[in-house]
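Throughout, protein chains are lettered first and strands after them, A, B, ... in sequence-line order, and every chain is numbered starting at 1.
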Amino acid sequence: MQDYNPRAIENAAQEYWQQQKTFEVTEDPEREKYYCLAMFPYPSGKLHMGHVRNYTITDVISRYQKMLGKNVLHPMGWDAFGLPAENAAIQNKTAPAAWTEQNIQYMKRQLEDLGFGFDWSRELRTCAPDYYRWEQWFFTRLVEKGLAYRKVSAVNWCPKDETVLANEQVVEGCCWRCDTPVVRKEIPQWSIRITDYAEELLADLDQLQEWPDQVRAMQANWIGKSRGQEINFDLTKDIAGISTLPVYTTRPDTLLGVTYVSIAATHPVAEALAATNSELAEFILSCAEQSTAEADMALMEKRGIATGLNCIHPLTGEEVPVWVGNYVLMDYGSGAVMAVPAHDQRDFEFARKYQLPIKQVIAPLEDGEIDLDKEAFVDKGRLINSGEFDGLDFDAAFNAIAEKLERLGKGQVQTNYRLRDWGVSRQRYWGAPIPMLFANGEEIPVPADRLPVVLPEDVEMDGVQSPIKADPEWRKTEYQGKPAEHETDTFDTFMESSWYFARYTCPDFDQGMLDPERANYWLPVDQYVGGIEHAILHLLYARFFHKLMRDEGLVNSDEPFKRLLCQGMVLAQSYYRLDEQGHKEWINPADVEVERDDKGLIVAARCKADGRPVEIGGTTKMSKSKNNGVDPQAAIEQYGADTVRLFTMFAAPPEQTLEWSDEGVQGAARFIRRLYRHCQENVDKDAVRTYLDESFNLETKWLETLSEASAESRKTIHDALKKANFDYDRNQFNTVVSSCMKILNEIASPSADDAPISAVKTEGLGILLRLLYPIAPHISHYLWEQLGFGKDILAAAWPEVDESALVQNEIDLMVQVNGKLRGKIKVSPDVDQDTAQTIALASPSVQKFTEGKTLRKVILVPGRLLNLVVS
RNA sequence: GCCCGGGUGGUGAAAUUGGUAGACACAAGGGACUUAAAAUCCCUCGGCUUCACGGCCGUACCGGUUCGAUUCCGGUCCCGGGCACCA
């Protein structure tokens, strides 16, 4: 007998799929389609475990759906533009294009080694001109429709390098290259009007019933629809041609408690006043050093300065001061906010700091205690100190104040969204050029017949400036016979990832962005799988783009992704040692040996190379910074793809974090070896023909001769099958693997060597191989053929549960007394309450707890338990 | 700070969603086989208590609803994801 040799088995299976073109699909209106999509990878160099997990999940789902008879599309491609390629290019002195292409070649090979059933004939890369060409064309359409426009917005600016930095490139407020403090700079950039679609993006979340609730909640909160009022505070004098500060509030009931108004540092009024106020000018300058990230904004110290200017309260006519606050954003809302220190915690702290008045106008509904010396009272309540509005609750006050403001022409009810328009300009090189021309002071979309605007690939990176910005020639062009200049900014890479799912349906189409016939056959995607970190931005942009494509007549569906699965992260143990400076030097788990106590806990670890001890850094997300990445390649070479896939699916359910464990991988390998050995040693090649019909079900004649032991064995197998089917449908693959293990335990357990048992075990093996196939396809494919089931397991029908095998004459019914388990009784599954009660009360272990007490209530949960309530 | 998750044995987890808590594995301990090791097979394995039958406690913590709560509700603590230029 030969030992299990994963390499030979896996190579042969992969070759077979390649020759048969098993995973290449075309549109077939006769068959039900199923589009299964994994988020495409950024070609960073090598696959990491997160990729392995992601693509194993989609491969499992794809193969399962294929066995259910569907026409399954499972494509793969490369999200090839992005910042890391520029960094790598500078480091390695290669052009980003070449570096990216090398990575793609290597990673593609790794994907093939893992046996993923992708339709490689549809492979695409976003850095290819025949891909981004259509994105450029689509953008010009958006400009023509008024859905894309140019406006001034903020970027991180390194004054020394004179370059724009990504948030990631700003480390503690400084440039990551030269440590110079970063400032905010306002420059003209292209934006897309996602806010025009805010209402639809919110409302259509209701259509996405097969998305996780948490993702829908996050998106709804991100869009942030609110109902409030716009209220005008007139300035006591015009500044920069501005006479009124409109503010938006969701709490107009607190309007009488306004004691000042704050405006953004970049507000035109602030800028105009700064011209004659050096203190204010200095303050505004200092605000420019603040981070543009919202998290930093929320945590920073709130600072402000009085402008000396006042505005008029729209209801009382009193003057309130106008302040400049570092926490007010110019590009969100009107750049001005009203402040109610008594009823908003941030305003409260600000008012305390600058000795501004705090005026209570809301009292609690119940006689609750509030202490305005300690904190703001932010709950809704009843109005006080508000003149004619005193005594009203929130809703009544909202309406009464809205009505009065409207009558005075000082405000109106307004619906607002937190969502902001999508800024798509990037001042970087490795992206799709934005297809716009500047000529005679006009912004002109590049005409369709001049697309694509090709990004030159043979470039040298100086580390600071984008090569197409650095080259004065590249931008030069003409328009209608006159000199013109190309835009040198490139698109946000979210642009490419917002429509790739649609392009997979017709990647070769050269007559337009999409071939509507093919796109509408496959779309929407039936199952989308990717990391939870994309729950908001990528998924929201892709939903938005899909609606834009629909409105351009390219697709006929409203939403791109019907069902969504967000997989958890992959974690691993980390180890470090401190160097002389006290810095942590992280050591890869592969280079560490561990020592355990008698409970199996890791108590000590040593570096394999020098035998010296290392510190244990805990289980954290696999990352470069902690050097705890486990290279999938090493595991594949040692154990084979099936073992790696099986472990990945078994160790945790898809949505949860997955902890890499070498022992766990060995456990997965042990299961596969056991299956292999069981088949080699115990399975007769004629068994299939002897016991099973052409659908691999037990032949009727054997069904009739089952002994009690073989019937019980068959129940175990069909129970496991039923559970596995349930779990496949809800994407919980760890328990599918459990079911497979149970079946193997059953069919490999020692038992009487008679025909009924052999018959049941043969049927069980056929079920096991088909259940296991989507997860560990190579070994299942090999054994299916070798044991004479058939040529290609993928063509076999999915196993069906024989409900008659599950029927029991007698079950264990749990008996509780006052909710505590006190015994079990053997009864018929459809026993009635009276009978069950009589039997239970006759049992001594129950009597111990009921004796001398009165029976108050009896609850029977059929097939499960009986609860006797006594006192 | 704001939004969204998560917390169950020594470990990863399960519990068909309000009805037997710990399936299936991993680790550990004991045993068999072996000159030995590896591999393989068998047994034990939440805590406390009991010679034993059994009893009590136990799903982060505090409280509530219910005949019954890992599951539902309110509060607290800790961990993770996102926060608009990482992808």
Side-chain angles (χ1 to χ4, degrees), chain A residues 39 41-42 44 79 81-84 155-156 164-170 212-215 217-222 224 292-300 345-346 419-428 492-494 497 531-538 540-541 566 568-569 571 596-602 620-621 650-653 655-659 661 663-668 670-671 673-674 677 722-723 726-727 730 732 734-735 737-742 745 750 812-821 824 845 848 856-859 861 863-870:
Chain A
M39 289 181 188
Y42 178 77
S44 55
D79 188 14
F81 278 137
L83 203 49
V155 292
N156 302 307
V164 174
L165 299 174
N167 284 341
E168 194 188 46
Q169 297 172 315
V170 180
D213 288 341
Q214 62 158 312
V215 175
M218 281 193 266
Q219 292 218 345
N221 291 334
W222 186 260
T292 52
E294 193 191 296
D296 297 333
M297 298 275 292
L299 291 167
M300 75 186 178
Q345 189 57 27
R346 188 179 63 186
L419 185 67
R420 309 200 292 256
D421 274 342
W422 176 13
V424 295
S425 289
R426 297 294 179 269
Q427 295 69 38
R428 282 184 273 282
D492 175 7
T493 55
F494 276 127
S497 56
I532 184 72
E533 66 274 20
H534 298 290
I536 296 175
L537 292 178
H538 162 62
L540 191 66
Y541 290 142
C566 293
M569 292 175 310
L571 313 178
R596 293 168 191 276
D597 66 8
D598 53 7
K599 288 195 165 171
L601 289 176
I602 297 174
T620 51
K621 180 179 174 175
F650 181 54
E655 283 98 342
Q656 277 183 42
T657 56
L658 171 77
E659 203 175 313
S661 132
E663 291 80 16
V665 178
Q666 283 164 32
R670 194 174 302 149
F671 169 75
R673 276 202 307 269
R674 251 183 96 203
R677 219 177 38 241
K722 188 171 188 174
K723 171 84 169 121
F726 177 77
D727 289 335
R730 61 169 178 162
Q732 187 172 291
N734 56 327
T735 43
V737 176
S738 290
S739 294
C740 291
M741 288 172 168
K742 277 182 195 172
N745 287 345
D812 283 334
L813 190 74
M814 298 301 136
V815 181
Q816 293 183 339
V817 179
N818 290 345
K820 281 184 187 281
L821 189 66
K824 54 184 179 185
S845 59
K848 236 166 85 182
R856 302 287 175 196
K857 197 171 176 183
V858 180
I859 293 125
V861 183
R864 287 189 176 274
L865 65 73
L866 181 76
N867 190 11
L868 305 171
V869 184
V870 299

Does [X] reach a base, just sugar-phosphate, or nothing at all? Heavy atoms under 4.0 Å.
X	answer
A/A293	sugar-phosphate
A/R670	sugar-phosphate
A/D812	nothing
A/P653	sugar-phosphate
A/A535	nothing
A/W422	nothing
A/L83	sugar-phosphate
A/V155	base

Can you check side chain to side chain contact (heavy atoms under 4.5 Å, CB included) on A/I532 and A/M218, steps first, answer last?
CA-CA 11 Å; A/I532 184 72; A/M218 281 193 266; 4.0 Å; yes

What nucleotide among [options] has an atom nearest to a side-chain atom of [X]?
X	options	value
A/T735	B/A23, B/G12, B/G81	B/A23
A/N734	B/A87, B/A14, B/G19	B/A14
A/Q656	B/A14, B/G82, B/A25	B/A14
A/M569	B/G81, B/U20, B/U16	B/G81
A/N221	B/C67, B/C85, B/C3	B/C3
A/L419	B/G81, B/C86, B/A84	B/A84
A/R673	B/A87, B/C85, B/U40	B/U40
A/R677	B/C41, B/U20, B/G12	B/C41
A/K742	B/A23, B/C4, B/A84	B/A23
A/E659	B/G12, B/A14, B/C41	B/G12

Report the residue (A/D727 or A/V737) whose heavy-atom-nearest nucleotide on RNA chain B is the more 5′ of the two.
A/D727

When you match A/A217 and A/M814 each to their closest nucleotide on RNA chain B, which lands nearer the 5' end?
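The residue whose closest nucleotide sits nearer the 5' end is A/A217.
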
Kindly assign one of parallel, tilted or perpendicular to the pair A/F494 and A/Y541, based on the angle between their ring planes and the thresholds 30° and 60°.
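Tilted.
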
If the cut-off is 4.0 Å, is [X] near the phosphate of [N], judged by side-chain N/O to OP1 or OP2?
X	N	result
A/T493	B/A87	yes
A/R426	B/A84	no
A/K723	B/A15	yes
A/Q732	B/A15	yes

Pairwise [atom1] distance, [M] and [N] [rounded to whole Å]:
N	M	atom1	result
B/A60	B/C41	P	35 Å
B/G75	B/C24	P	39 Å
B/A25	B/A14	P	15 Å
B/G5	B/U44	P	42 Å
B/G12	B/C51	P	35 Å
B/C48	B/C42	P	28 Å
B/C3	B/G18	C1'	29 Å
B/A13	B/A23	C1'	10 Å

Please report, rounded to the nearest Å, how far the [atom2] atom of [N] is from the [atom1] atom of [X].
X	N	atom1	atom2	answer
A/D296	B/G82	CG	P	14 Å
A/L537	B/C4	CG	P	16 Å
A/R730	B/U16	CZ	P	7 Å
A/F671	B/C24	CZ	C1'	11 Å
A/D492	B/A84	CG	P	12 Å
A/F494	B/G82	CZ	P	11 Å
A/L821	B/C56	CG	P	11 Å
A/K820	B/G58	NZ	C1'	11 Å

Under 3.5 Å donor-acceptor, A/N156 side chain and A/L165 backbone
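Flag set: sc A/N156 to bb A/L165 pair under 3.5 Å.
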
Examine distances only and state if a side-chain atom of A/Q169 and a backbone atom of A/A166 form a donor-acceptor pair shorter than 3.5 Å.
yes

base_contact_polar ([N] base, [X] side chain, donor-acceptor, <3.5 Å):
X	N	answer
A/Q427	B/C85	yes
A/R856	B/C67	no
A/N867	B/C67	yes

B/G82: syn or anti, with syn meaning chi within 90° of zero?
anti

Chi class for B/U66: syn within 90° of 0, otherwise anti
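Anti for B/U66; the angle lies over 90° from 0.
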
Hunt down the Watson-Crick or G-U wobble partner of [N], both distances under 3.5 Å, from any strand shown, or write none.
N	answer
B/C33	none
B/G18	none
B/C48	B/G55

Check: A/N818/A/R856 side-chain N/O donor and acceptor closer than 3.5 Å:
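Side chains of A/N818 and A/R856: no pair found under 3.5 Å.
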
Enclosure of A/K722 NZ (heavy-atom neighbours >12, cutoff 6.0 Å):
no

